Visitor: 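The structure follows.
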Amino acid sequence: QVQLVESGGASVQAGGSLKLSCARSGYISNYCGMGWYRQAPGKERELVSRISIDGTTTYANSVKGRFTISQDNAKNTLNLQMNSLETEDTAIYYCAARRFRVSGGRYVCDDTYWGQGTQVTVSS
C-alpha cells in the first residue's frame with residue numbers, strides 16, 4: 001500500500017523559509033514522478049511543482065525562483081525548499097505520487113496517490 005506523509009509545515013513570517021518533506025512508502029508500479037500541490041482557503045488545489053522520473057522539474061509561475069523541488073531517491077523522500085515566503089503562499093501543501101496510465105492509446109503521467117497535507121501559514 002502506498003503512503004505519502006508530508007511534514008515541515010509551520011507558521012512563518014513573510015520573507016522566511018520553510019522546507020517541506022514527503023516520505024513515500026510502498027511500491028508504485030509505472031512510477032513517473034512526484035509533485036507538490038497546495039490549496040488555499042476558498043480556492044482550488046493548484047500545482048506548485050513537479051519532478052519527473054528523469055529529474056525534469058516544473059514550477060508554477062508564482063513560485064519560480066523562490067521554491068526548489070528535489071528528491072532523495074535513496075530515502076524515498078520528496079522535498080520542497082521554500083524561500084522568500086509570501087502571505088499568498090499560505091495553504092495546505094500536499095504531495096502526490098504519479099504513475100503512468102493509458103488514456104486514448106497514450107501513456108499519461110497522472111497524480112495517483114496523495115498525502116494528507118501539511119499547513120503552511122505565512123503572516124505579514
Side-chain angles (χ1 to χ4, degrees):
Q1 184 176 354
V2 177
Q3 283 193 321
L4 303 175
V5 180
E6 301 96 335
S7 62
S11 295
V12 296
Q13 288 195 322
S17 297
L18 279 177
K19 182 179 181 179
L20 305 183
S21 295
C22 173
R24 185 181 90 231
S25 62
Y27 174 72
I28 301 175
S29 62
N30 301 319
Y31 171 78
C32 58
M34 300 283 292
W36 284 102
Y37 293 76
R38 67 186 181 187
Q39 187 166 18
K43 295 187 178 181
E44 293 191 356
R45 189 174 298 189
E46 64 176 2
L47 171 69
V48 176
S49 182
R50 285 181 183 148
I51 186 166
S52 65
I53 196 169
D54 66 358
T56 301
T57 57
T58 302
Y59 294 93
N61 287 334
S62 58
V63 306
K64 279 181 182 177
R66 299 189 298 121
F67 291 10
T68 303
I69 191 170
S70 63
Q71 57 186 2
D72 184 335
N73 290 325
K75 297 180 180 179
N76 287 337
T77 300
L78 178 72
N79 300 306
L80 185 69
Q81 178 66 45
M82 305 187 296
N83 299 327
S84 302
L85 283 162
E86 303 170 353
T87 55
E88 292 79 12
D89 296 318
T90 295
I92 299 174
Y93 284 71
Y94 300 90
C95 76
R98 319 186 78 216
R99 62 189 299 262
F100 284 114
R101 65 177 177 88
V102 177
S103 175
R106 298 170 56 239
Y107 282 101
V108 177
C109 185
D110 212 8
D111 302 302
T112 304
Y113 304 99
W114 294 87
Q116 293 298 309
T118 186
Q119 176 71 48
V120 172
T121 303
V122 184
S123 58
S124 59

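We use all heavy atoms of the structure for the numbers below, so side chains are in, but hydrogens, waters and symmetry mates are not. Worth saying up front: this structure is predicted, and the values here are computed from it rather than measured.
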Visitor: Using modelled atom types and a 3.5 Å cut-off, is there a donor and acceptor pairing between side-chain atoms of T118 and backbone atoms of G9?
Guide: yes

Visitor: Might you point out which heavy atoms bring R38 and A91 nearest each other, and give the distance in Å?
Guide: CB-CB, 3.8 Å

Visitor: Do R98 and T112 have side-chain atoms, one donor and one acceptor, less than 3.5 Å apart?
Guide: no

Visitor: Say whether N79 and S21, considering side chains only, have a donor N or O and an acceptor N or O under 3.5 Å apart.
Guide: yes

Visitor: Do the numbers put R45 on top of the ring of Y94, so that NZ or CZ is under 6.0 Å from the six-membered ring centre and no more than 45° off the axis?
Guide: yes

Visitor: So, do R50 and Y37 sit near enough that their side-chain heavy atoms are less than 4.5 Å apart?
Guide: yes

Visitor: At their closest point, which heavy atom of S17 faces which heavy atom of Q81, and how far apart are they?
Guide: CB-NE2, 4.0 Å

Visitor: Is there a salt bridge (charged side-chain N to carboxylate O under 4.0 Å, His left out) between R66 and D89? Walk through the geometry before answering.
Guide: CA-CA 11 Å; R66 299 189 298 121; D89 296 318; 2.7 Å; yes

Visitor: Enumerate the residue pairs fulfilling disulfide bond (SG atoms under 2.5 Å apart) with a member in residues 26-75, sequence neighbours excluded, ordered by first and then second residue.
Guide: C32-C109

Visitor: Set out, in order, the CA-CA distance, both residues' side-chain angles and the distance that settles side chain to side chain donor-acceptor pair (under 3.5 Å) for D54 and T56, then state yes or no.
Guide: CA-CA 6 Å; D54 66 358; T56 301; 2.8 Å; yes

Visitor: Within a 6.0 Å radius of atom CD on Q13, are there more than 12 heavy atoms belonging to other residues, nucleotides or ligands?
Guide: no

Visitor: Considering only Ile, Leu, Val, Met, Phe, Trp and Tyr, and joining two whenever side-chain heavy atoms are under 4.5 Å apart, list the other residues clustered with V122.
Guide: V2, L4, V12, L18, L20, I28, Y31, M34, W36, V48, I51, I53, Y59, V63, F67, I69, L78, L80, M82, L85, Y93, Y113, V120

Visitor: Between E46 (side chain) and Q39 (backbone), is there a donor-acceptor pair under 3.5 Å?
Guide: no

